[in-house]
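Counting starts at 1 for both ligands and their atoms, in listed order. Numbers for residues simply follow the sequence, beginning at 1. Since the structure is predicted, the reported quantities are computational estimates derived from the model, not experimental observations.
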Amino acid sequence: MKKNILISCDHGGFYLKEQIVEYLLKKSFKIIDLGPKDPSSVDYPDYSNILVDKMRKNIDYIGILLCGTGIGMSIASNRHSHIRAALCSDKDMARLSRQHNDANVLVIGGRTTSLNSAKKIIDVFLSTEFEKGRHIKRLKKIS
Ligand code: RB5
């Protein structure tokens, strides 16, 4: 799977985002942190849109979005037809979101997910391939 990663969040996901960036840098991924740079209160659609716009210009990127629950970031990013964002709370959801849905954005709840769990989710998401086959026609029906 492509390994160039964009990451963004709101204040609800800020601290977990910082830890995820550190984790992925240690694993030698190319990761671009789109902010915010501090935990001040921001509006999640603004930071979703920054990542969504970058992915519109470069479909090779994988995105990671975080907010408090992950729900706001999921709703906002999935408004855009080039985004298939999956809110994952465990590694099985991460695996299936890649195998069946070809998810290109992983969404994590910053207030609902431990760092340990987030690491497992991310590892699976980044290492699982889309199964294609019967899933292709279903994705075509969405787009
Ligand atoms: C911010 O307080 C919170 O509403 C946001 O992070 C997110 O959980 C929204 O879905």
Nearest non-hydrogen protein atom, [atom]:
atom: atom 5 (C) of ligand 1; result: Asp10 OD2, 3.2 Å
atom: atom 10 (O) of ligand 1; result: Gly72 N, 2.9 Å
atom: atom 8 (O) of ligand 1; result: Thr69 N, 3.0 Å
atom: atom 9 (C) of ligand 1; result: Tyr44 CE2, 3.6 Å

When you compare the side chain of Asp43 with that of Asp10, does any pair of heavy atoms fall below 4.5 Å?
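Side-chain contact under 4.5 Å: no.
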Please tell me if the side chains of Thr128 and Leu96 come closer than 4.5 Å, counting only heavy atoms from C-beta onward.
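Result no, sub-4.5 Å side-chain heavy-atom pair not found.
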Check each atom of ligand 1 against the heavy atoms of [X] and keep those under 4.0 Å away; list them by number with element.
X: Gly68; value: 5 (C), 6 (O), 7 (C), 8 (O)
X: His11; value: 1 (C), 2 (O)
X: Cys67; value: 6 (O), 7 (C), 8 (O), 9 (C), 10 (O)

Scan side-chain atoms only and decide if Asn116 and Ser114 contain a donor-acceptor pair under the 3.5 Å cut-off.
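Absent: no donor and acceptor within the cut-off.
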Check: Tyr44/Asn49 side-chain N/O donor and acceptor closer than 3.5 Å:
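Note: Tyr44 and Asn49 side chains miss the donor-acceptor criterion.
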Distance-only, no hydrogens or angles: does the Asn104 side chain make a donor-acceptor pair with backbone N or O of Arg84 under 3.5 Å?
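Side chain of Asn104 to backbone of Arg84, a donor-acceptor pair under 3.5 Å: yes, one is there.
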So, Asp53 side chain and Ser48 main chain: donor-acceptor pair closer than 3.5 Å or not?
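Flag not set: sc Asp53 to bb Ser48 has no pair under 3.5 Å.
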Determine, counting only non-hydrogen atoms of the protein, whether one lies under 4.0 angstrom from atom 2 (O) of ligand 1.
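So far as the 4.0 Å threshold goes, atom 2 (O) of ligand 1 is in reach of a protein heavy atom.
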Under 4.0 angstrom from ligand 1, any heavy atom of Arg111?
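Heavy atoms of Arg111 do come under 4.0 Å of ligand 1.
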Just verifying a value: how many Å separate Asn4 CG and Met55 CE, rounded to the nearest 0.5 Å?
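Output value for this atom pair is 11.0 Å.
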